[in-house]
Number of protein chains: 2
Amino acid sequence: MATEGAAEAQEPGRARPGGRTARVRAAVLQAAGDALAEHGFAYLDLGDIARRAEVGRTTVYRRWGTTTALVADLLVDMAEQSLPRTESGSLLGDLRANAHLVQRTLTDPRQGPLFKAVIAAATCDPDTAQALHRFYRTRIAEWAPCVTRAIERGELPEGTDPHEVIRAVSAPLYHRLLASGEPIDPAAADQAAAAAAAAARAGAYRLPHSPAPSSTAVGPAAAGHRPDGH
Amino acid sequence: MATEGAAEAQEPGRARPGGRTARVRAAVLQAAGDALAEHGFAYLDLGDIARRAEVGRTTVYRRWGTTTALVADLLVDMAEQSLPRTESGSLLGDLRANAHLVQRTLTDPRQGPLFKAVIAAATCDPDTAQALHRFYRTRIAEWAPCVTRAIERGELPEGTDPHEVIRAVSAPLYHRLLASGEPIDPAAADQAAAAAAAAARAGAYRLPHSPAPSSTAVGPAAAGHRPDGH
DNA sequence: CCACTAACGGGACTGAAGTTCCGTTAAGAT
DNA sequence: ATCTTAACGGAACTTCAGTCCCGTTAGTGG
């Protein structure tokens, strides 16, 4: 899935990735981001992208071919730009920082619509979906350490899945963005962080095959729910 | 905001909503659902819908005009079909039932892709987004009572927002469907339910202006998560 | 049951998305 | 510095989604 096959090896942009080719790619991805943020995925058209990027229409069709493939490449680009991450002393502090970062991103006039569009594109094409999953995997991995720290400090039960905790912070905010339509305000971010922290402390994110939490007396949620590894 | 204005009042299908018109709508919505589930929103085309529904191409264009408008109408239709809801005795039992219902829906070979497509469409058009929000509002409202019961039983703190708890159950599953790509299996459903229950017990979903939980300090989840031994 | 007209549907038309062709530009190798 | 050819880009061409026209069918009210 990851390494390019023989077919893709002869695609344009691989033999001479320097100078002009790189400039064209940057301009096109920039234009694609702008167009997606402005009009949404449905009204994305490659001719418009070419005009905005001031490159030949033919070039865009040859190198990317479809709108979903272009979005997939955009996601690869986005995954490479990682954000600086702050570190407070406590789990809740870190999760709140993460939640507020996501909150600001999703309400940003450019980023919010862009994320909506990118997710829409991913629902239409498996390769684009793969690219999106990778993007989130890298983003989540950047924040996982703060959960690992919390486990080491004894704030969370052994065997808690750090990635799952971080995803739990984002999930309600994305649900607002895409499904419920409820406002994505700082209060929502606080709530998301608090809920994830509480659930994590209660042992809701322990891996299925993790050691039983005998000494780490966690709340009633864990007591009632024995995660049957089936 | 919602009620139809003068402009929409003269749209086809309103003056004579009986017999043929209703049959055409049913056939078209059915065909639209099939097409969305099969190909995704990006490849949805109204000519194809007309062929599948065995109605005139012109009819589809006249009554709905755009793919997003058709999806919006489909969502109105989907909102009208409510699902039967079971009732166990406990909060966790009810939340797990809800989580498993969502899990089964999102992994269903037809429903899963359909929901993806419908959400993609909603990102591209405000009216469709409104229709989607309404759809979820009705679905969430159907399940909210079980949270209200839990509050009455003293399982959850006063002032807990029932809708928010139900949304918290769905959110991680939708995040898997649309963003992370992690599997949506029964274990994920259990986890989602357990996390929502734990967070709710800890008071994470109390309304901002709700009475301070001094006496209502609900049991061990709220108080007992303190890592005493840390 | 009949008249009226809302709504349907076939077919021609149009404009723009996407493809193909081929000459031009510049990246990378020697 | 020079050569090779990967990659770009203008322009003509093709295809088909979306529109328009107008005759036909069938709800609805009298």
Side-chain angles (χ1 to χ4, degrees), chain A residues 4 6-32 35-36 38-73 121 124-125, chain B residues 4 6-32 35-36 38-73 117 121 124-125 128:
Chain A
E4 317 307 337
E8 288 191 67
Q10 0 198 359
E11 272 185 1
R14 301 206 176 274
R16 288 181 182 178
R20 181 170 60 167
T21 298
R23 269 196 308 280
V24 165
R25 177 167 181 255
V28 169
L29 293 186
Q30 173 71 36
L36 284 173
E38 280 177 38
H39 307 306
F41 173 66
Y43 307 111
L44 188 63
D45 113 77
L46 298 182
D48 178 50
I49 301 289
R51 226 171 299 124
R52 287 170 183 256
E54 295 181 305
V55 302
R57 219 158 47 96
T58 314
T59 301
V60 177
Y61 280 105
R62 184 180 20 233
R63 279 189 65 179
W64 291 279
T66 64
T67 53
T68 52
L70 178 55
V71 173
D73 197 29
C124 302
D125 176 70
Chain B
E4 319 306 338
E8 287 192 68
Q10 0 200 359
E11 272 186 2
R14 303 207 175 274
R16 289 180 182 177
R20 180 170 58 167
T21 298
R23 268 198 308 281
V24 165
R25 177 167 181 255
V28 169
L29 293 186
Q30 174 70 37
L36 284 172
E38 280 178 38
H39 308 305
F41 173 66
Y43 307 111
L44 188 63
D45 113 79
L46 298 182
D48 178 51
I49 301 288
R51 226 171 299 123
R52 287 169 183 257
E54 294 179 307
V55 302
R57 217 160 46 100
T58 314
T59 300
V60 178
Y61 280 105
R62 186 176 11 196
R63 279 189 66 179
W64 291 279
T66 64
T67 54
T68 53
L70 178 56
V71 172
D73 197 30
C124 301
D125 176 70
T128 309

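What's counted below: heavy atoms across the whole structure, side chains too, no hydrogens, waters or symmetry copies. Quick note on labels: first sequence line is chain A, next is B, and so on, each numbered from 1.
- Within the structure, a side-chain polar atom (N or O) of B:Arg63 is placed less than 4.0 Å from OP1 or OP2 of C:dC8.
- If you measure from atom CZ of A:Arg51 to atom C1' of C:dA16, you get 10 Å, rounded to the nearest angstrom.
- Atom CD1 in B:Ile49 sits about 11 Å away from atom P in D:dG18, given to the nearest Å.
- With hydrogens and angles ignored, the 3.5 Å screen pairs a side-chain donor or acceptor of B:Thr128 with a backbone N or O of B:Thr68.
- One interatomic measurement links the two molecules: CG of B:Asp48 to C1' of D:dG18, which rounds to 15 Å at whole-angstrom precision.
- Residue A:Thr21 is classed as a sugar-phosphate contact, given heavy-atom separations below 4.0 Å to backbone atoms only.
- The distance from atom CG of B:Leu44 to atom P of D:dA17 is 12 Å, rounded to the nearest whole Å.
- Distance alone, capped at 3.5 Å, is enough to place a donor-acceptor pair between the B:Arg63 side chain and the B:Thr21 backbone.
- With C:dA7, D:dG9, D:dG18 as the choices, the nucleotide that has an atom nearest any side-chain atom of B:Arg57 turns out to be D:dG18.
- When the P atom of C:dG18 is taken as reference, atom CG of A:Leu46 falls 6 Å away, rounded to whole Å.
- Residue contacts for B:Arg25: at a heavy-atom cut-off of 4.0 Å it reaches no nucleic acid atom on any strand shown.
- In this structure the side chain of A:Val24 reaches within 4.5 angstrom of the side chain of A:Val28, judged on heavy atoms.
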**Asked** Which is it for A:Asp73 and A:Trp64 under the side chain to side chain contact (heavy atoms under 4.5 Å, CB included) test, yes or no, and what are the steps along the way?
**Response** CA-CA 8 Å; A:Asp73 197 29; A:Trp64 291 279; 2.9 Å; yes
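- In terms of position along DNA chain D, the nucleotide closest to B:Gly47 lies nearer the 5' end than the nucleotide closest to the other residue of the pair B:Arg20 and B:Gly47.
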Review point. Checking side chain to side chain contact (heavy atoms under 4.5 Å, CB included) for the pair B:Arg25/B:Gln30: CA distance, chi angles, key distance, verdict?
Key: CA-CA 8 Å; B:Arg25 177 167 181 255; B:Gln30 174 70 37; over 6 Å; no
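- Taking 4.0 angstrom as the limit, A:Thr58 places none of its side-chain polar atoms (N or O) nearer than this to OP1 or OP2 of D:dC8.
- Between the CG atom of B:Asp45 and the P atom of D:dT19 there is a distance of 12 Å, given to the nearest Å.
- A:Arg23 has its CZ atom 10 Å from the P atom of D:dG9, to the nearest Å.
- Side-chain N/O atoms of B:Tyr61 include none lying less than 4.0 angstrom from OP1 or OP2 on D:dT19.
- Distances shown here put every side-chain N or O of A:Arg62 at or beyond 4.0 Å from the OP1 or OP2 atom of C:dC22.
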